[in-house]
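Please read the structure below before turning to the comments.
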There are 2 protein chains.
Amino acid sequence: MPNQDDQHEKLTEAQDRFVASWGQMAGAWGISRTMAEAHSLLYITGKPMNTDEIMDRLQISRGNASMSIRALLDWGIISRTHKRGDRKEYFEADQDVWSMFRSIVRERIKREVEPLLATLFEIRDSSPAPDDATGDQQKELLAHQKRLEEMLSFMRTMEKLSHRFVSPSGSGLELAAKLLTKFDR
Amino acid sequence: MPNQDDQHEKLTEAQDRFVASWGQMAGAWGISRTMAEAHSLLYITGKPMNTDEIMDRLQISRGNASMSIRALLDWGIISRTHKRGDRKEYFEADQDVWSMFRSIVRERIKREVEPLLATLFEIRDSSPAPDDATGDQQKELLAHQKRLEEMLSFMRTMEKLSHRFVSPSGSGLELAAKLLTKFDR
DNA sequence: GGCTTGTTTCAATTTATTCTGAAACAACCA
DNA sequence: TGGTTGTTTCAGAATAAATTGAAACAAGCC
């Protein structure tokens, strides 16, 4: 029968593996490796931790820890807590994966989709009007306009779709997703 | 009334702006700036272009152009063409935004989600079994298991959902998306 | 005020990524 | 086969991004 230390060591090892594999995905999610690691550490341990504990566990500098934690707070996927009789700040991760995911989507729309949409509108408005041209040139301008419109319409559909998922009433996201996959093929 | 050269200059300018704004998003999408620029150039001009034309227009080196084009081919969002009487290879972008998007999702699932899922399964299997423990330790192991399971279940739902969108029969993606947003609030 | 504890900032450095340019390669032609 | 045109590769250079560590800052306490 395994003893307690054995068990604990294995647990820690599993946690570390979880953190590492999450860190690898960081790039894909548009956040830095440390951010991803800190977040996954808080998620998988389920325990509030302070800056020093995070530094020690991830072997990173104080500055890096501070900035990564700040960024996670800005993204809204971790939150501050306090322990009685301890002046340090503690941080904990949202334990609901779906709500965590919603926060990420919300933030990425704000940071990436919205600015791009704004630019696309600008470009459309500053593109030459097909009415003012004739013949082949007019065709070309019309085609250009069409491509812009299609991209715009796509982006707006995606934006609206995401907002739906993200909105307070959008907790249906989980249900919707499950339903969609349930009735597959 | 605007003359032809005026019009053409404005068109080129609009295209350049499109390419630039797309390039800015590159990081967020997990591809390099040049890849994004080359792709958006092919998309917005709608014309097949050869390596030299792309180099000139984007002001990049031959090596960079070659590698970026190759990567785009690998992602399946541009394709080769040829012109009669011209030995050069030409490249053109998929003009259907939705199918383009599907290719991207398909590729990202393959590159990011699937490996992560595999690792998560491994971690679950190598995590210590709660049965072997007692008391608080058992509680802790159970909580760990639960968090792993939730993450796994989330990722699998997402994977299935994406596969649905991506599958040949999944051309319904566009319709589904439009419907979902249509009946909003 | 001065002391202790905890947090943030940021210039300098390290690390990772992207890009260049020239050489190697490949395919065709006479 | 040698010449021409087009493409790919890759070591080194340039660029961008993340990280460190020490100093500055805050807040509480005596």
Side-chain angles (χ1 to χ4, degrees), chain A residues 19-42 48-75 78-92 108 111-112, chain B residues 19-42 48-75 78-92 108 111-112:
Chain A
V19 168
S21 65
W22 213 253
Q24 296 221 304
M25 293 276 294
W29 291 84
I31 61 178
S32 81
R33 191 168 54 80
T34 307
M35 259 179 85
E37 288 187 354
H39 176 257
S40 57
L41 177 63
L42 292 173
M49 295 176 95
N50 62 39
T51 307
D52 291 74
E53 288 167 338
I54 295 173
M55 280 172 59
D56 290 351
R57 185 78 186 259
L58 300 181
Q59 303 276 23
I60 57 173
S61 72
R62 185 169 300 283
N64 192 3
S66 171
M67 291 177 95
S68 299
I69 288 167
R70 150 71 74 101
L72 289 170
L73 288 168
D74 286 349
W75 277 69
I78 67 171
S79 53
R80 293 180 212 268
T81 346
H82 289 278
K83 279 198 176 162
R84 235 196 298 288
D86 190 341
R87 269 172 54 195
K88 286 201 185 66
E89 286 194 301
Y90 282 73
F91 305 95
E92 61 185 346
R108 293 199 66 170
R111 293 175 194 219
E112 291 150 22
Chain B
V19 169
S21 63
W22 213 253
Q24 296 222 303
M25 293 275 295
W29 289 84
I31 61 176
S32 79
R33 191 167 53 80
T34 307
M35 258 180 86
E37 288 187 353
H39 177 257
S40 57
L41 177 63
L42 292 173
M49 294 175 96
N50 62 40
T51 307
D52 291 77
E53 288 167 338
I54 294 172
M55 282 171 59
D56 290 352
R57 185 78 184 260
L58 299 181
Q59 303 277 22
I60 57 172
S61 73
R62 185 170 300 283
N64 191 5
S66 172
M67 291 178 93
S68 299
I69 288 167
R70 150 73 73 103
L72 288 170
L73 288 168
D74 286 348
W75 276 70
I78 68 173
S79 54
R80 293 179 211 270
T81 345
H82 290 278
K83 280 198 174 162
R84 237 196 301 288
D86 189 340
R87 269 173 54 196
K88 285 200 184 68
E89 286 194 300
Y90 283 72
F91 305 94
E92 61 186 344
R108 294 198 66 171
R111 294 177 193 219
E112 291 150 23

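Throughout, protein chains are lettered first and strands after them, A, B, ... in sequence-line order, and every chain is numbered starting at 1.
Considering only heavy atoms from C-beta on, A/Leu72 stays 4.5 Å or farther from A/Phe91 through its side chain. The side-chain heavy atoms of A/Met25 and B/Glu112, taken from C-beta on, include a pair separated by under 4.5 Å.
C/dG6 atom P lies 8 Å from atom CG of A/Asp52, rounded to whole Å. Taking atom NZ on B/Lys83 and atom P on D/dG6, their separation rounds to 13 Å, with Å as the unit. The distance between atom NZ of B/Lys88 and atom P of D/dT4, rounded to the nearest whole Å, is 16 Å. At whole-Å resolution of the value, CD1 in B/Ile54 and C1' in C/dC19 are 16 Å apart. When rounded to the nearest whole Å, the span between CG of B/Asn50 and P of D/dG6 equals 9 Å. Rounded to whole Å, the distance from CZ on A/Arg33 to C1' on C/dT17 is 14 Å. Atom pair A/Met55:CE and D/dT20:P shows a separation of 9 Å (rounding to whole Å applied). When the C1' atom of D/dT8 is taken as reference, atom CD of B/Glu89 falls 11 Å away, rounded to whole Å.
For the helix from C/dG1-D/dC30 to C/dA30-D/dT1, the axis fitted to the five pairs at one end and the axis fitted to the five pairs at the other end meet at an angle of 0° (nearest 10 degrees).
Nearest nucleotide to the side chain of B/Thr34, out of C/dC19, C/dG6, C/dC28: C/dC19. For A/Ser32, the side-chain atoms get nearest to D/dT19 when compared with the rest of C/dT7, D/dT19, D/dA27. Checking C/dG6, C/dT8, C/dC28 against the side-chain heavy atoms of B/Arg87 singles out C/dC28 as nearest.
For residues 58-70 of chain B, proximity to DNA chain D is found at B/Arg62, B/Gly63, B/Ser66, B/Met67, B/Arg70, defined as any non-hydrogen atom under 4.0 angstrom from a strand atom.
The distance from the CD1 atom of A/Ile60 to the CD atom of A/Glu37 is 8.0 Å, given to the nearest 0.5 Å. The OG atom of A/Ser68 lies 10.0 Å from the CZ atom of A/Arg33; values are rounded to the nearest 0.5 Å. Note that the CH2 atom of A/Trp75 and the CH2 atom of A/Trp29 stand 9.5 Å from one another [nearest 0.5 Å]. Interatomic distance, B/Thr34 OG1 to B/His39 NE2, rounded to the nearest 0.5 Å: 14.5 Å. Of the inter-residue distances, the one linking B/Glu89 atom CD with B/Asn50 atom CG reads 10.0 Å to the nearest 0.5 angstrom. For the atom pair B/Tyr90 OH and B/Thr81 OG1, the distance stands at 9.5 Å (nearest 0.5 Å).
Applying the side chain to side chain donor-acceptor pair (under 3.5 Å) test to A/Arg57 and every residue at least two apart in sequence or in another chain returns A/Gln15, A/Asp16.
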